[in-house]
Amino acid sequence: MKTHTLLMPLDMHLHLRDGVMLENVAPLTAFTFSGALIMPNLVPPVDTLEAVQSYKQRIMAAVPNDYFESYMTLFYKNYDKAFLENVVDEITAIKLYPAGITTNSEGGVSSFDIEEMRVTLEAMSELGIPLCVHGETDGFVMDREAEFMSIYELLAKNFPKLKLVMEHITTKAAVDMLDKYDNLYATITVHHLLLTLDDVVGGMMMPHHFCKPIAKRPEDLDALLGVALEAHPKVMFGSDSAPHPQHKKESCGCAAGVFTAPIALQLLTEIFEQFDKLDNLQSFVSDNAQNIYGICPEFKEVTLEKRPFVVPENYAGVVPMYAGEVIGWAIESVD
Ligand code: NCD
Ligand code: ZN
């Protein structure tokens, strides 16, 4: 039986929610990942030191063992330097959402006026806090990410010492932007390495493939595969696994978000094997993130086996991507 082992997998973009949902989904990630960068889009958003600390405690209480690190993020606002100095030791990054662009982002940024943001972004540069960005405008849905490239350029040029992470990139435009500025990095999800818009609305409408940013064109998928399969050193895995209850997805007005946490490593292994790039998967799912964020995760060794695995229909009321379908790799052991 063919196997493949990964050390200290990291998910550098994860939604865990709160309450019962948190208790249900956090163990699924903690089972196979050494750590994850936790998104702050709760209601209300995680935007104070106390909120970061208490959310981290709730996450750690929800995972069954100590071998999981929750790397916390703060919801971006125009904070002053004293506030950031106070919070810097508790966070790994700050996450910026344009106001209203996705789930629970209403309190986000409504204008990208560099002068209004300067105090915060200069303080972040000095304190070494990376800025993670949901890069979409409010333009036409297929153009939102490409239109945001000029804002990434503005930020990258004005704050050359600020580490900027283009989150969950979905376009060739974003891939092409990566090497233009030293301080630009990116995360890529597993679903954006598999889907195009055709898989969302090309046949029957597939709510469990619907997320922000929406999956794009075949040429975009090819560009994403290009950098992911080579494990480009500025690119990291970030699942953007975003659990919503089944009734919020299978309804009139489907919530945006694809739930992949429990099947992400199996799918990634299948993709990398298919393209004969399994040797690069370790860098994509862990080493690059360790280098970019300067983090040193808990030891974890995950072995996957090449055998058919039927994706469960749901995990405590949350329907995963590919529910009921067979994928080619399964988790064999975790040490
Ligand atoms: C995310 C969520 O549900 O929190 N949804 C999504 O479609 N990706 C938010 C986000 O990352 O945009
Ligand atoms: Zn997200």
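Both ligands and their constituent atoms are indexed starting at 1 by order of listing. Predicted model only: the values in this text are computed from it and were never measured. All values below come from the heavy atoms of this structure, side chains included, with hydrogens, waters and symmetry mates left out.
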- Task: Quick one: the NE2 of H15, the Zn ion (ligand 2), NE2 of H13 angle, rounded to 10°, please.
- Result: 110°
- Message: Please list, in number order, the atoms of ligand 1 under 4.0 Å from a heavy atom of H13.
- Response: 11 (O)
- Query: Relative to ligand 1, is N104 under 4.0 angstrom through side chain, backbone, both or neither, heavy atoms considered?
  - Reply: neither
- F237 and F33 aromatic ring geometry - parallel, tilted or perpendicular at 30°/60° bounds: parallel
- Query: M60, Y55: one ILVMFWY side-chain cluster at the under-4.5 Å cut-off?
  - Reply: yes
- Enumerated ligand 1 atoms positioned under 4.0 Å from heavy atoms of N41: 2 (C), 4 (O), 9 (C)
- Which residue from M39, H168, R17, H15 reaches closest to atom 3 (O) of ligand 1 through any of its heavy atoms? R17
- Message: Is there a path of hydrophobic side-chain contacts, each under 4.5 Å between heavy atoms, that joins M166 and L193?
- Response: yes
- Query: Counting from 1, what ligand 1 atoms have a heavy atom of C211 closer than 4.0 Å?
  - Reply: 7 (O)
- Does any N/O atom on F210 come nearer than 3.5 Å to any N/O atom on ligand 1? no
- Query: Between D138 and R144, does at least one N-O distance fall below 4.0 Å, as a salt bridge requires?
  - Reply: no
- Item | Contact summary for K56 and S70, nearest pair of heavy atoms | NZ-O, 3.2 Å
- Polar side-chain atom of D240 near backbone of H168 as donor-acceptor pair, under 3.5 Å: no
- Message: Starting from atom 8 (N) of ligand 1, what is the nearest protein heavy atom, named by residue and atom, and what distance separates them?
- Response: D240 OD2, 2.8 Å
- Y97 to ligand 1: N or O pair under 3.5 Å? no
- Return yes or no for this condition: an N or O of A242 is under 3.5 Å from an N or O of ligand 1. no
- Ligand-residue contact atoms, ligand 1 with A256, heavy atoms, under 4.0 Å: 3 (O), 5 (N), 6 (C), 7 (O)
- Message: Minimum distance, heavy atoms only, to atom 6 (C) of ligand 1: which one of K248, E167, K212 is it?
- Response: K212
- Task: Would you check if there is a donor-acceptor pair between the side chains of H13 and E167 at a distance under 3.5 Å?
- Result: yes
- Message: Under a 4.0 angstrom heavy-atom cut-off, which atoms of ligand 1 come close to G257?
- Response: 5 (N), 6 (C), 7 (O)
- Query: Should one rank T102, I214, L42, L14 by closest heavy-atom distance to atom 9 (C) of ligand 1, which comes out on top?
  - Reply: T102
- D240 backbone or side-chain N/O/S under 2.8 Å from the Zn ion (ligand 2): yes
- Message: I'd like to know if the side chain of N158 reaches the main chain of L154, judged simply by a donor and an acceptor atom lying under 3.5 Å from each other, with no hydrogens or angles considered.
- Response: yes
- Task: May I ask you to check if K300 and Y67 form a cation-pi contact, with NZ or CZ under 6.0 angstrom from the six-membered ring centre and within 45° of the axis?
- Result: no
- Message: Using 30° and 60° as the class boundaries, would you call the ring planes of Y152 and F148 parallel, tilted or perpendicular?
- Response: perpendicular
